[in-house]
Protein chains: 2
Amino acid sequence: MVRPTRKKQIPNLQEAIKKTAWKQIAEHGAPALSLRAIARELNITAPAIYNYFPDRDALVTELIIDAFTSFGDSQLEARDSVATEDLTGRFKAIGIAYRKWAHGYPQRYQLIFGTPIPGYEPPVEKVFPSSARSIMALFSVVESFRAAGKLTANTYPSVKKEYQAHFDLWRSQIGEVHPVSHFVAMLIWARVHGIVSLEIQGNLPPFGTSGDDLYLYELDSIARQFIKD
Amino acid sequence: MVRPTRKKQIPNLQEAIKKTAWKQIAEHGAPALSLRAIARELNITAPAIYNYFPDRDALVTELIIDAFTSFGDSQLEARDSVATEDLTGRFKAIGIAYRKWAHGYPQRYQLIFGTPIPGYEPPVEKVFPSSARSIMALFSVVESFRAAGKLTANTYPSVKKEYQAHFDLWRSQIGEVHPVSHFVAMLIWARVHGIVSLEIQGNLPPFGTSGDDLYLYELDSIARQFIKD
DNA sequence: GAATTAAATATACGCTGTATATTTACAGTG
DNA sequence: CACTGTAAATATACAGCGTATATTTAATTC
């Protein structure tokens, strides 16, 4: 039997492949992702996957886009769960949601912000929209602070010529964001990412302090440094 | 010929293997590390490596320890290049050195702080001494600030019971460090790591700002938040 | 009903880490 | 100097991987 009859086939195999991939990533981590293992679990042969994804990297790219979308959903949801006027509340909400999502889906976090797949390099142009959207929540809140005159920072380094194109791309995707907001949002992102990535990789607990306390302290530090009350 | 005469053998093969491994990591990145490729380059067979390292992970562990040692050297050197009394100068020096080392050896940085080797989990007990030493420079400077009454932070979250053993281990390795210094040093480390890791992974340039400016701004933010002048 | 297309299998290649058995250079001892 | 034991290498093999190619057949279309 070279090809099973439609009745015995898995409907929507493309989705089934991605679903199985996520399952295996959750169970054994992203580096263990294997097309052959996916095929085994789905009772198909490995090359069959090539009908749906040109190669392994294409599958990984899809997974990354899905992860960014899930992450972005949680960020936007957190932001919009707080009244528009309560900017500080919105900031804290997305801050908490950031870490919560990372802890809920550590492998997805690694997939997005780490480099856990051996030879894989994400194609920026494909991943960009979903990644830009996911960080949009933070950018928009910072921009709201600035528009309301509540941002303490007013100086910022100029955009480097060689990055200007990227910068413009960002602005086109995210909407009008003042450079100072852009700069502050990046700084905040780096701080939040610093703690969370150390936590996720298991480098924080050895230091004796729970990530909870450290993280809340840091969110507070950020608010006190950048927000006028 | 099953075994070449001593004259044709490579002297100190253990070191030669590590050296070749570093060369390949520098050229093709850590994920591409392959025992067979190392063996090819050394004109030996792959199983010969097993006379010097029980398996691939043992080799990787050695490389990680070497990387931590190199990193620690650069940190301690930076600290000691500034007079003991000039605490702020020492802080900036190790801050600058941190990023400089990371940019000089991005693959080593990834090897230490990322997870670029597929199935590899570092054995904490083996890596701990060199890793603790490498971060000791920062801890010691923060502790000096505290001892001199120049640390602004005075509250800190208590150490969680489940992490107490790790915390004690750290103190035994690093020397007497007040919990508040411990806490502040961790926060600083997380901030510095946040920017640098985003940079190294190429997630920063798309935002339009050079890492230089962002990093210096952050070092300044840290100093202003935690150091009384 | 025939031709076309799409989706699967079958097979194969070169790569990986590594387990096992075998060979041989060398060191130590009588 | 001959013998023996050990250590360090090779040879071989196995199971896994991604993926290229050719083949087969179910389903669709004219």
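Letters A, B, ... are given to chains in the order of the sequence lines, protein chains preceding strands, and every chain is numbered from 1.
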(message) In this structure, how many angstroms lie between the P atom of C/dT9 and the CG atom of A/Leu42, rounded?
(response) 11 Å

(message) Taking the minimum atom-to-atom distance to the side chain of B/Ser34, which one of C/dG17, C/dA8, D/dT10 wins?
(response) C/dG17

(message) Could you tell me if A/Tyr120 and A/Thr61 have a donor-acceptor pair between their side chains, going purely by distance under 3.5 Å?
(response) yes

(request) Measure from the side-chain N and O atoms of A/Tyr217 to the backbone N and O of B/Pro157, and report whether any donor-acceptor pair falls under 3.5 Å. (result) no

(message) Rounding to an integer number of Å, can you tell me how far A/Tyr50 OH sits from D/dA20 C1'?
(response) 9 Å

(message) Is it the case that the side chains of B/Tyr109 and B/His193 hold a donor-acceptor pair, with the cut-off being a distance below 3.5 Å and no angle test?
(response) yes

(message) When you measure from the side chain of A/Thr69 to the backbone of A/Ile65, do you find a donor-acceptor pair of N or O atoms at a distance under 3.5 Å?
(response) yes

(message) Nearest whole Å is fine: how far is D/dC17 C1' from A/Ile117 CD1?
(response) 13 Å

(message) What's B/Ile38 touching, base or sugar-phosphate or nothing? Going by heavy atoms closer than 4.0 Å.
(response) nothing

(request) Decide whether B/Glu143 and B/His182 meet the rule of one side-chain donor and one side-chain acceptor closer than 3.5 Å. (result) no

(message) Strictly below 4.0 Å: does A/Tyr52 bring a side-chain N or O up to OP1 or OP2 of C/dA8?
(response) yes

(message) From CG of B/Asp55 over to P of C/dT20, roughly how many Å is that when rounded to an integer?
(response) 14 Å

(message) Can you identify which nucleotide, out of D/dC17, C/dG17, D/dA9, has its nearest atom closest to the A/Arg40 side chain?
(response) D/dC17

(request) Report the nucleotide, chosen from C/dA8, D/dT19, C/dT18, that has the shortest atom-to-atom distance to any side-chain atom of B/Leu35. (result) C/dT18

(request) Nearest-nucleotide wise, let me know which of B/Asp57 and A/Pro47 is further upstream toward the 5' end of DNA chain C. (result) A/Pro47

(message) Rounded to whole Å, please give me the gap between CG in B/Leu59 and P in C/dT16.
(response) 15 Å

(request) Round to a whole Å and report the spacing from CG of A/Asn51 to P of D/dA26. (result) 16 Å

(request) Taking only the side-chain nitrogens and oxygens of A/Thr45, find out if one of them lies under 4.0 Å from OP1 or OP2 of C/dA10. (result) no

(message) Is there a side-chain contact between A/Arg36 and the phosphate of C/dT16, meaning an N or O under 4.0 Å from OP1 or OP2?
(response) no

(request) Taking only the side-chain heavy atoms of A/Ala46 (C-beta and beyond), determine which of D/dT10, C/dT16, D/dT19 contains the nearest atom. (result) D/dT19

